[in-house]
Trainee: 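Please see the structure below; I have some questions.
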Amino acid sequence: KSNVYGVIACQGDSLTFGSRDPDGMSYPIYLGRMLSQKHGQTWATVNFGVPGECWAELWRRNYHELLSVPEAGEVCLWMGTNDAWKDRSIEQSLIACEAVLDQCRALGRFVYLATLPGKRGFGAPREPWKMNEAIEKLNVAYKKIAEERRLQLVDLTDMPVEHFCDGIHLTQAGNKWVAEKFLAAIEARR
């Protein structure tokens, strides 16, 4: 048997992908390394982040992606920023979100569902962005969905403003911060 302790699929958009990182890093890279180093075990993360995508696009690829990693019993889901930015219907985005979660459940995968920090910091204008209103609504829904489905909610709403490089995407310190939040959620479940 393999000496791999765990495999975790990480799905999402450009925030999961690691867009804007000068070294091509992402929170999934840091998460896998943190789990391996902290516990003296081999953990692997698989980054399925696709920049620009929304919940409906994730639904189209989700089932096949998860089938490609049958050993990944857990999924880190961080999605919805583009739904808010593209002004998609909150109701329709949540239908697609629930459909993705149904696919995860059908495949027997446990889900860590992350909230959205919103647009702020450097690169964000002084006045509130309309997308942040949509993000607030999505976050309220995510909390309810996580409770109803008994998922582990990963709260990223308190992300420090200095972790944003352009108002949405993350610095390397931001990717490490997100990885630490997912790490805490994974450890809390065990």
Side-chain angles (χ1 to χ4, degrees), residues 6-19 26-28 31 45-120 129-159 168-170 178-179 181-190:
V7 177
I8 299 173
C10 301
Q11 295 179 302
D13 52 30
S14 59
L15 297 172
T16 298
F17 180 81
S19 293
S26 62
Y27 94 78
L31 176 61
T45 51
V46 182
N47 189 335
F48 288 114
V50 176
E53 287 200 345
C54 300
W55 278 110
E57 287 79 19
L58 174 57
W59 174 82
R60 287 180 179 86
R61 61 184 168 88
N62 178 57
Y63 197 84
H64 298 289
E65 282 180 357
L66 294 181
L67 283 176
S68 76
V69 285
E71 61 280 6
E74 298 170 298
V75 178
C76 294
L77 270 178
W78 190 22
M79 185 65 100
T81 298
N82 290 314
D83 293 77
W85 177 64
K86 294 177 181 180
D87 202 24
R88 289 203 174 167
S89 159
I90 298 293
E91 179 186 4
Q92 298 306 309
S93 294
L94 291 171
I95 288 171
C97 168
E98 295 263 16
V100 167
L101 294 171
D102 288 344
Q103 290 173 331
C104 292
R105 181 178 285 164
L107 290 169
R109 312 304 168 93
F110 182 82
V111 174
Y112 301 92
L113 180 62
T115 59
L116 307 169
K119 182 170 179 63
R120 61 181 190 265
W129 277 58
K130 182 180 179 186
M131 72 177 279
N132 282 344
E133 294 172 20
I135 282 173
E136 286 179 31
K137 290 176 184 173
L138 287 170
N139 284 339
V140 168
Y142 291 173
K143 290 174 186 171
K144 183 179 177 191
I145 289 167
E147 186 176 315
E148 290 172 352
R149 288 179 174 257
R150 294 186 171 98
L151 310 176
Q152 188 78 28
L153 187 74
V154 181
D155 187 1
L156 303 179
T157 58
D158 61 342
M159 184 181 298
I168 290 182
H169 297 97
L170 308 180
V178 170
K181 290 285 197 166
F182 275 105
L183 173 68
I186 291 164
E187 291 177 335
R189 182 172 175 246
R190 287 173 161 66

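Atoms considered below: every heavy atom in the structure, side chains included; atoms not considered: hydrogens, waters and symmetry mates.
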Trainee: For P28, does its backbone N or O pair with a side-chain atom of T45 as donor and acceptor, under 3.5 Å?
Mentor: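 Flag set: sc T45 to bb P28 pair under 3.5 Å.
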Trainee: Apply side chain to side chain contact (heavy atoms under 4.5 Å, CB included) to the pair D102 and R149, showing each step before the final yes or no.
Mentor: CA-CA 10 Å; D102 288 344; R149 288 179 174 257; 2.7 Å; yes
Trainee: Taking T115 for its side chain and L156 for its backbone only, find out whether a donor-acceptor pair lies under 3.5 Å.
Mentor: yes
Trainee: So do the side chains of L113 and Q152 get within less than 4.5 Å of each other, counting heavy atoms only?
Mentor: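 The answer is no, as the side chains (C-beta and beyond) never meet within the 4.5 Å cut-off.
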Trainee: Can you tell me how far apart CG (D155) and CG (L116) are? Round to the nearest 0.5 Å.
Mentor: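 That separation rounds to 10.5 Å.
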Trainee: Any chance you could measure C104, atom SG, to L151, atom CG, to the nearest 0.5 Å?
Mentor: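 Answer for the SG-CG pair, C104 versus L151, is 9.0 Å.
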Trainee: Provide the closest heavy-atom pair for M159 versus L170 in the form atom of the first, atom of the second, distance.
Mentor: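 Looking at all heavy atoms of both residues, the closest pair is SD-CD2, 3.4 Å.
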Trainee: Tell me if the OH atom of Y112 is crowded by more than 12 foreign heavy atoms within 6.0 Å.
Mentor: yes
Trainee: Any side-chain hydrogen bond (donor to acceptor under 3.5 Å, both in side chains) pairs touching residues 137-148, not counting sequence neighbours?
Mentor: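 Residue pairs passing side-chain hydrogen bond (donor to acceptor under 3.5 Å, both in side chains), neighbours aside: W55-Y142.
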Trainee: Once you measure the plane-to-plane angle for Y27 and W78, does it fall in the parallel (<30°), tilted (30-60°) or perpendicular (>60°) bin?
Mentor: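 Y27 vs W78 ring planes: perpendicular.
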Trainee: Does T157 reach the side chain of I135, with side-chain heavy atoms less than 4.5 Å apart?
Mentor: no
Trainee: Hey, does the side chain of D83 reach the backbone of R88 with a donor-acceptor pair shorter than 3.5 angstrom?
Mentor: no
Trainee: Supply the atom-to-atom distance C76 SG to I186 CD1, rounded to the nearest 0.5 angstrom.
Mentor: 4.5 Å
Trainee: Can you tell if the side chain of L77 reaches within under 4.5 Å of the side chain of L58, non-hydrogen atoms only?
Mentor: yes
Trainee: When rounded to the nearest 0.5 angstrom, what is the spacing between CG in L94 and CD in E98?
Mentor: 7.0 Å
Trainee: Could you grab the distance from atom NE2 of H169 to atom CZ of F17, nearest 0.5 Å is fine?
Mentor: 10.0 Å
Trainee: Ignoring hydrogens, what is the shortest heavy-atom contact between G18 and S26? Give both atom names and the distance.
Mentor: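 Shortest heavy-atom contact: CA-CB, 3.8 Å.
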Trainee: Check step by step if side chain to side chain contact (heavy atoms under 4.5 Å, CB included) holds for F182 and C10.
Mentor: CA-CA 10 Å; F182 275 105; C10 301; over 6 Å; no
Trainee: What heavy-atom pair brings L15 and T81 nearest, and what distance separates the two atoms?
Mentor: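 Heavy atoms only, the tightest pair is CD1-OG1, 3.7 Å.
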Trainee: Under 3.5 Å, side chain of N132 to main-chain N/O of K119, donor-acceptor pair present?
Mentor: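 Confirmed, N132 side chain pairs with K119 backbone.
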Trainee: L107 versus Y63: any side-chain heavy-atom pair under 4.5 Å?
Mentor: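 Yes - at least one pair of side-chain heavy atoms lies under 4.5 Å apart.
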Trainee: Taking C-beta and beyond as the side chain, do N62 and M79 meet within less than 4.5 Å on heavy atoms?
Mentor: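 The answer is no, as the side chains (C-beta and beyond) never meet within the 4.5 Å cut-off.
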Trainee: If you compare all heavy atoms of A96 against all heavy atoms of A56, which two are closest, and at what distance to 0.1 Å?
Mentor: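 Scanning both residues, the minimum pair turns out to be CB-N, 3.6 Å.
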Trainee: Can you pull the ring pair (Phe, Tyr, Trp, His ring centres under 6.0 Å) pairs that have at least one residue in residues 87-109, sequence neighbours excluded?
Mentor: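 Residue pairs with at least one partner in residues 87-109: there are none.
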Trainee: Measure across V46 and V7 and return the closest heavy-atom pair with its distance rounded to 0.1 Å.
Mentor: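 Answer, listing the atom of V46 first, then V7: CG2-CG1, 4.1 Å.
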Trainee: Look up atom NZ in K181 and atom CG in L31, then write down how far apart they are to the nearest 0.5 Å.
Mentor: 14.0 Å
Trainee: Between K86 and E57, is there a salt bridge with N-O shorter than 4.0 Å?
Mentor: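 No, no charged N to carboxylate O under 4.0 Å.
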Trainee: Taking only residues at least two apart or on different chains, which pairs with a member in residues 73-82 satisfy salt bridge (Lys or Arg N to Asp or Glu O under 4.0 Å)?
Mentor: E74-R189, E74-R190
Trainee: So among Q11, Q103, R61, which one has a side-chain contact (heavy atoms from CB on, under 4.5 Å) with L66?
Mentor: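 Of all the options given, the one that passes is Q11.
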